[in-house]
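Report on one structure; see the data block that follows.
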Amino acid sequence: LAVGSPLKSFEPEFNIEGLGIAYSNQAVDISGAFIKMPVNAPITLEFGGTATIQLKTFGISAIGAYAQFSGQTSMFVFANIDAPFGGPPFFFVTGFCGGFGYNSKLRIPGQNEVYQFPFVASLSDPNVLGKDPTPTGVLQKVMGGNNPWVTPSAGDIWLSAGIQFTTFEVVNSTALLVAEFGSKFLLALIGLSKARFPMEG
């Protein structure tokens, strides 16, 4: 948090670079951060953040961002709930995920990019976001680089909903349905399955 003013006249200006929270006890672990991000035109202001809540039986994680660009606002949120919800051995549900974006565009991965798509791949392999990822690192994976997964885009809206499940404790799968509206309509089903041999235990 910063406060500044010119020396010749008292005209205070306020600035915030970020907020963080961390709390832990025997029942719950909570951590999160909201960070001011560097911007390039036409974006004039952008904040992004991540948060996790871990209890004994389930965990919740989320990522989101807010931006101002060309006189408009953009935002997106994506969250995941990880818990043994149950089901038959061939379709044992282990989690749900979903999100939305307003004035936001979600880039749909090509077939050779699904294993890098953070909203699917990171749910079964946390290393997709890097080893011991920081909030800044996660945001960079989602919104940074030359071809980001999420970008502000006037008039575009996207919605997503997904499920995680295992098959006989050998195959771990994630399926995500994405719908995009605005400049064009697009419906996509993105999935990733990984088998583990030999079985642990």
Side-chain angles (χ1 to χ4, degrees), residues 1-3 13-24 29-54 59-82 95-109 113-162 174 176 178-183 188 190:
L1 180 65
V3 179
E13 296 180 356
F14 299 91
N15 186 36
I16 185 170
E17 295 296 331
L19 297 170
I21 183 174
Y23 174 79
S24 178
D29 290 313
I30 301 173
S31 63
F34 198 56
I35 302 166
K36 187 176 182 180
M37 303 176 65
V39 298
N40 296 309
I43 301 173
T44 56
L45 178 68
E46 189 168 33
F47 281 91
T50 64
T52 60
I53 301 174
Q54 184 64 52
I60 302 173
S61 59
I63 180 174
Y66 168 87
Q68 295 180 354
F69 71 106
S70 304
Q72 302 191 63
T73 60
S74 169
M75 67 171 295
F76 85 90
V77 175
F78 188 87
N80 173 62
I81 301 176
D82 184 13
F96 293 95
C97 57
F100 73 94
Y102 171 74
N103 277 341
S104 172
K105 185 173 182 60
L106 177 65
R107 182 168 69 86
I108 303 300
E113 296 179 303
V114 174
Y115 73 98
Q116 298 174 317
F117 185 52
F119 293 162
V120 170
S122 66
L123 301 182
S124 59
D125 183 4
N127 290 325
V128 170
L129 298 176
K131 186 177 180 180
D132 299 323
T134 63
T136 302
V138 174
L139 293 168
Q140 180 64 26
K141 288 284 187 178
V142 175
M143 305 167 60
N146 296 326
N147 200 13
W149 295 108
V150 181
T151 53
S153 179
D156 285 319
I157 298 172
W158 60 267
L159 303 170
S160 66
T174 302
L176 184 70
V178 178
E180 292 188 342
F181 312 88
S183 57
I190 306 165

Separation of L19 CG from F34 CZ (nearest 0.5 Å): 8.0 Å

Within-4.5 Å side-chain heavy-atom neighbours: V39 and F69: no

Residue pairs fulfilling ring-ring contact (aromatic ring centres under 6.0 Å, His included) with at least one residue in residues 119-149, sequence neighbours excluded: F78-F119, F117-F119, F117-W149

Qualifying residue for side chain to side chain contact (heavy atoms under 4.5 Å, CB included) with F76, from T151, I157, V150: V150

Approximate separation, where rounding is to 0.5 Å, of R107 CZ and E180 CD: 11.5 Å

Between NZ on residue K105 and CD1 on residue I108, distance to nearest 0.5 Å: 8.0 Å

T73: side chain to side chain contact (heavy atoms under 4.5 Å, CB included) partners, not counting sequence neighbours: Y66, Q68, Y102

Value rounded to 0.5 Å, distance of CD1 in I53 from OH in Y23: 12.5 Å

Side chain proximity check, K141 to Q116, heavy atoms < 4.5 angstrom: no

Euclidean distance, I190 CD1 relative to L106 CG, rounded to 0.5 Å: 6.5 Å

N80 side, atom CG; T52 side, atom OG1 - distance, nearest 0.5 Å: 11.5 Å

Which atom of K36 lies closest to which atom of L45, heavy atoms considered: CE-CD1, 3.9 Å

